[in-house]
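Remember, predicted model here, so these are calculated numbers, not experimental data.
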Amino acid sequence: QVQLVESGGGLVQPGGSLRLSCAASGSILRIGAMAWYRQAPGQERDLVATITSLSSTNYADSVKGRFTISRDNAKNTVYLQMNSLKPEDTAVYYCNADVRTSTWVLRSVNYWGQGTQVTVSS
């Protein structure tokens, strides 16, 4: 029904920048809150940043001031601009979104992307 596809990950040196994108496609009526999570080896999947349908944002303390989440509602896309990257940012980054797919059913379904690898290393 709905797919979230992340892109933009890769290998970057410490202090560098990356811009992640997550495009939603399928039977989409409305997209509510969207978020980025990340999971490092041996760690739980942690929330990185959230953005509401009205572009209100929240960030994990570890990325605040360095990362910026944004969205383009016309493109059904959420972005994560990552600056001043550190080795500790190395993880698989996952997109998450609440999606309404039905005109009649007043509920949203939560979807996950497959993840994109971000590696920060010299």
Side-chain angles (χ1 to χ4, degrees):
Q1 294 181 346
V2 175
Q3 289 187 328
L4 305 180
V5 180
E6 301 97 335
S7 62
L11 177 64
V12 65
Q13 295 182 353
S17 298
L18 285 174
R19 181 178 171 88
L20 305 183
S21 299
C22 172
S25 62
S27 301
I28 299 171
L29 186 63
R30 293 283 190 275
I31 301 180
M34 305 184 81
W36 287 96
Y37 290 74
R38 68 185 182 186
Q39 187 168 22
Q43 303 293 321
E44 296 183 349
R45 186 172 298 184
D46 294 325
L47 181 64
V48 176
T50 61
I51 184 166
T52 69
S53 60
L54 296 180
S55 296
S56 178
T57 60
N58 282 290
Y59 299 91
D61 289 340
S62 59
V63 306
K64 197 168 187 177
R66 299 188 297 122
F67 291 10
T68 302
I69 188 172
S70 61
R71 64 192 291 165
D72 186 336
N73 292 330
K75 297 181 180 294
N76 291 328
T77 300
V78 63
Y79 306 94
L80 186 67
Q81 178 67 47
M82 304 185 296
N83 299 325
S84 302
L85 284 163
K86 306 173 181 180
E88 62 207 63
D89 296 318
T90 296
V92 177
Y93 284 71
Y94 296 91
C95 178
N96 180 272
D98 293 323
V99 182
R100 181 182 175 185
T101 61
S102 174
T103 301
W104 300 278
V105 180
L106 299 179
R107 73 182 185 98
S108 296
V109 178
N110 189 253
Y111 291 90
W112 289 93
Q114 62 181 338
T116 184
Q117 177 71 50
V118 172
T119 302
V120 184
S121 179
S122 60

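With Ser122 contributing its side chain and Gln13 its backbone, the two residues share no donor-acceptor pair below 3.5 Å. Glu6 contributes a side-chain N or O that, together with a main-chain N or O of Gln114, makes up a donor-acceptor pair within less than 3.5 Å.
Of the candidates Lys75, Gln81, Met82, Tyr79 forms a side chain to side chain contact (heavy atoms under 4.5 Å, CB included) with just one, namely Lys75.
Here the side chains of Gln39 and Tyr93 are not in contact, with every heavy-atom distance at 4.5 Å or above. Side-chain contact check for Ser121 versus Pro87: every heavy-atom pair is 4.5 Å or farther apart. No side-chain heavy atom of Tyr111 sits under 4.5 Å from any side-chain heavy atom of Asn96.
Distance OG/Ser27 to CD/Gln3: 10.5 Å, rounded to 0.5 Å. Rounded to the nearest 0.5 angstrom, Leu11 CG and Thr119 OG1 are separated by 6.0 Å. Note that the CG atom of Asn76 and the CD1 atom of Ile31 stand 4.0 Å from one another [nearest 0.5 Å]. Atoms CZ and OG1, on Arg71 and Thr57 in that order, are 11.5 Å from each other to the nearest 0.5 Å. Between the CG atom of Leu20 and the SG atom of Cys95 there is a distance of 9.5 Å, given to the nearest 0.5 Å.
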Decide yes or no on side-chain hydrogen bond (donor to acceptor under 3.5 Å, both in side chains) for Asn83 and Ser17, but give the supporting numbers first. CA-CA 4 Å; Asn83 299 325; Ser17 298; 2.9 Å; yes
Checking side chain to side chain contact (heavy atoms under 4.5 Å, CB included) for the pair Leu4/Cys22: CA distance, chi angles, key distance, verdict? CA-CA 6 Å; Leu4 305 180; Cys22 172; 3.8 Å; yes
Go through Arg30 and Ile28 one step at a time and tell me if the side chain to side chain contact (heavy atoms under 4.5 Å, CB included) criterion holds. CA-CA 6 Å; Arg30 293 283 190 275; Ile28 299 171; 6.0 Å; no
For a side chain to side chain contact (heavy atoms under 4.5 Å, CB included) check, start with the C-alpha distance between Leu29 and Thr103, then their side-chain angles and the critical distance, and finish with the verdict. CA-CA 7 Å; Leu29 186 63; Thr103 301; 4.2 Å; yes
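Shortest non-hydrogen contact noted between Ala35 and Leu47 is CB-CD1, 3.9 Å. Listed here is the closest heavy atom pair of Thr50 and Ile69: O-CG2, 3.6 Å. Considering all non-hydrogen atoms of both residues, Ala91 and Ala40 come closest at CB-N, 3.8 Å.
One hydrophobic cluster holds both Met34 and Leu18 under the rule that ILVMFWY side chains link at heavy-atom gaps under 4.5 Å. Under the 4.5 Å side-chain heavy-atom criterion for ILVMFWY residues, no single connected hydrophobic cluster contains both Leu80 and Tyr94. Connection of Val92 to Leu85 is not established within any shared hydrophobic cluster, with ILVMFWY side chains joined at heavy-atom distances below 4.5 Å, either directly or through further cluster members. The same ILVMFWY cluster, assembled from side-chain heavy atoms under 4.5 Å apart, contains both Ile51 and Val109.
Residues in residues 78-106 take part in these salt bridge (charged side-chain N to carboxylate O under 4.0 Å, His left out) pairs, two or more places apart or across chains: Arg38-Asp89, Arg66-Asp89. Among residue pairs with one or both ends in residues 34-66, those qualifying as ring pair (Phe, Tyr, Trp, His ring centres under 6.0 Å) are Tyr37-Trp112; sequence neighbours excluded.
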